[in-house]
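Below is one structure, written out as structure tokens; the observations come after it.
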Amino acid sequence: MRVFGLDTFIQFDPMNPIGSYTLQNLIEIKELDIEIDLVLDIKPSTHDSSVIITGTAPHVIEHITIRTGFRNIEIEVSTLVALDEQKVSKLRLGAILDEEKIMKCLLSTVWKMEITVLSANAGSIIRPVIDGFVDDGLDSVVNTGAQVAMTAYSESILSALPGIFQTNFRTKLNNMLDDYLNSPENVSCKTRPFPRSEGFVDLRDFLLEAGDASSAGGSGTSPYGEITPKIKSFIDNALLENDPLTGEAGINEVVIAPITMYQSGISGTYLHSEDLFTLQLNDTASGMINADIRLYNARLDHVDSLSQPMGFLQPIDSDPYILKNGFSIGTKGKPLIASARLLVSAHSGESLPIGMNILDRKRFEERNWVFTHNEMDFSIEFEDIQVLGDFLAKIDEGRLRSLPIHNVWNINCWLSTIPAPELNSEGLRVDPLFSDTASLSYFAIALGEAKFRAKCSNCTSVGFQEIPSILSVLELSGTMGEIIDHFFHLLSKLLNDAGMQSVIDQTLQNAKSYCDAGISYNGSLLGEVKPSWLQRQATELGVFYSLVLAQVFAVASATEYIDGGSTLPILPGGMLGNENKLLSLLTKNDTSVEHSSDGLLKYIFDYFGSKVSNYVGSNTSTTGEDLGINAFFRSLILDENGAYYLYAKDFELFHRFERVGEFSFSLTRIGIIGLDSFTNFNATQLSNSERVICDMSLRHLSFKLEFSIDLGAPTSESQVEFFTVDVELQDVDIFADLTLSIGEN
């Protein structure tokens, strides 16, 4: 008998629990054709009453073939499967790795198995065709009879199918099933012992079929059974090979597409529901000023763009414990797109809700003074990313063989089969000479091309509206590409670093306790990242990113004031009230002693703007003269190098990032250089005695921001990094409209 059409499944929905011990299987097939070969042996009867004497008629053998089929078949099979819990708990992985033993070992745990529902429906029956008779006349008669019978009874046969399957076929199948399960030889579970070499599993023999394992340097005798090689071969062929029509790996459609559809509702897209970064700044003293910075709505598009070259758990010839892995993503015109939205807002009162409509926003702004509200979308398109990673895994043969079968879906139980080194309280190895049993022996990322995009979705600030143009300039200059390249380079370096081994060691140490507790995933598969893993390169790259970001926002902020952007309010004269008599800042109104401060202020401003002698500085003329303000700063404030430093004691900007350990980022001091480079200082009083216009010029003005990063290492060796950010301004012109009110009383 031959069956055709097994590749026309429309629905295959197996093993749905519909009761405590009952599984339902739903199957729908578009077409199913059957060919049956029959042999008819026709010869005279040997019975005494036969009218034909034996030997007087020829012995005829007919070879005939019957062809028929069904269309639109729907099958429902519900099975009662009651398993003995004690037998299941005693069943070990080693018992089911043998192809010959797996079914027997699984059936050995069955207490009762019975088909409770067996229903079949078909939309139509294909008229049977019978051929092969030697006699053409007989062939014609039989086919004509079959055609007449199908015309008369096809509807009746289709209507009777569910009942036939539910009664006759189900009863016969249950009887056959009982007979099979009651036979001891069919439920005998005996396992063969694993080979003992170093006590570790040879991954070539464990994952490859016998011939391939032998070619790769393994024994080629399938010492761990044939099941895992067959599973790996199926995964390689069904999931990792490129589809000849789409050019993409099968894993995209079979695995990634349904998972992402379930997670985000969009095939091939992953949505991150939580904020990537949130910072709220509040003026707690007045309760009036609030600032919100959020990075949210993160998503990855085209996750389903995996393609060759791709490999998964591929053993190598030179080492029995190393597995090669690799994949490409963002190919075939489907770049991997990482995107997020940035919110930067400043306002008074309550925080502005996200996604507020225009009417509600207007009402909000009426009761809350909104300084600025900016929402900007950022995205990076990655084309042709190739990731390579080699893992070393020494799996203990005894632990693998004795792994309980009910733990095979727990990743921590698989990890517990790898011996873990003894660690101290800091997560470091007690024995530094312990040979690695699991490690990331090699990791690399290659990036074909990256394109950075930015767009203002809702920006009230002119400066933010200019950020996309600024970033375009940085991209054309190669700065954005350098940032992305450095990030991937750093990622490769960190994953190849010794700190990664500490993370793996902790993961192995925790695996057994998690497995025993039945914890498959506790929020993160890896152990804690230790502070010592933050290398100097990571620190400097973070600083570089921050400085580029600061420059972008500095340029954006500057655009706010181009063409006379913001105008500060002018304080009206006499705003303190008539009851307070105010001192004039520049004009001496009275020669009495109690008002001598008026003359002092005028004297100070005049001194700052005049030339004085006997001071040597960067602006001193050939006659030895310099502005008084330069002399003032040089003699009383600046050090011998012409700098003034503000010390920020214990001013921590950030402390203890999550999963990074004791990590603190502090501002240590601020240096100001160039306060003695004034080339002009002119103060003019307006008609209002409380207002002064100051017009100043400096040759240069520099700021040195000195920071420290304490990596908080648990060792005596210092893990503090220091760096300085220099900002220098040249040919500085300052115009200040000052209002100062000093009450005489």
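Everything numeric in this text was worked out from a predicted model, so none of it was measured. Index from 1, following the sequence.
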Would you please name every residue forming a side-chain hydrogen bond (donor to acceptor under 3.5 Å, both in side chains) with Gln501, sequence neighbours left out? Asp505

Hey, could you give me each pair passing side chain to side chain donor-acceptor pair (under 3.5 Å) that has a residue in residues 432-442? Not counting sequence neighbours. Arg429-Asp436

Looking at residues at least two apart in the chain, or sitting in another chain, which of them share a side-chain contact (heavy atoms from CB on, under 4.5 Å) with Glu253? none

Check side-chain hydrogen bond (donor to acceptor under 3.5 Å, both in side chains) between Ser328 and all other residues, then give those that pass, not counting sequence neighbours. none

Looking at residues at least two apart in the chain, or sitting in another chain, which of them share a side-chain contact (heavy atoms from CB on, under 4.5 Å) with Leu313? Leu207, Lys232, Leu323, Asn325

All side-chain contact (heavy atoms from CB on, under 4.5 Å) counterparts of Arg170, not counting sequence neighbours: Glu114, Ile115, Leu118, Gln166, Asn174

Contacts satisfying side chain to side chain donor-acceptor pair (under 3.5 Å) that involve residues 256-272 (not counting sequence neighbours) are Thr269-Asp301, Tyr270-His272

Checking Asp485 now: which residues fulfil side-chain hydrogen bond (donor to acceptor under 3.5 Å, both in side chains) with it, not counting sequence neighbours? none

Side-chain polar contacts of residues 2-27 - donor-acceptor pairs under 3.5 angstrom, sequence neighbours left out - could you list them?
residue : atom : partner : partner atom : Å
Arg2    : NE   : Glu35   : OE1          : 3.0
Arg2    : NH1  : Asp37   : OD2          : 2.8
Arg2    : NH2  : Glu35   : OE1          : 2.9
Arg2    : NH2  : Asp37   : OD1          : 3.2
Arg2    : NH2  : Asp37   : OD2          : 3.3
Thr8    : OG1  : Gly5    : O            : 2.6
Thr8    : OG1  : Glu31   : N            : 3.4
Thr8    : OG1  : Glu31   : O            : 3.0
Asp13   : OD1  : Asn16   : ND2          : 3.1
Asp13   : OD2  : Asn16   : ND2          : 3.0
Asn16   : ND2  : Asp13   : O            : 3.2
Gln24   : NE2  : Glu76   : OE2          : 3.1
Asn25   : OD1  : Met15   : N            : 2.9
Asn25   : ND2  : Val77   : O            : 3.1

Taking only residues two or more places apart in sequence or in another chain, which ones pass side-chain hydrogen bond (donor to acceptor under 3.5 Å, both in side chains) with Gln509? none

Sequence-distant partners of Lys90, side-chain contact (heavy atoms from CB on, under 4.5 Å), two or more places apart: none

Please collect all salt bridge (Lys or Arg N to Asp or Glu O under 4.0 Å) contacts where either partner lies in residues 203-220, sequence neighbours excluded, each pair once. Asp202-Arg204

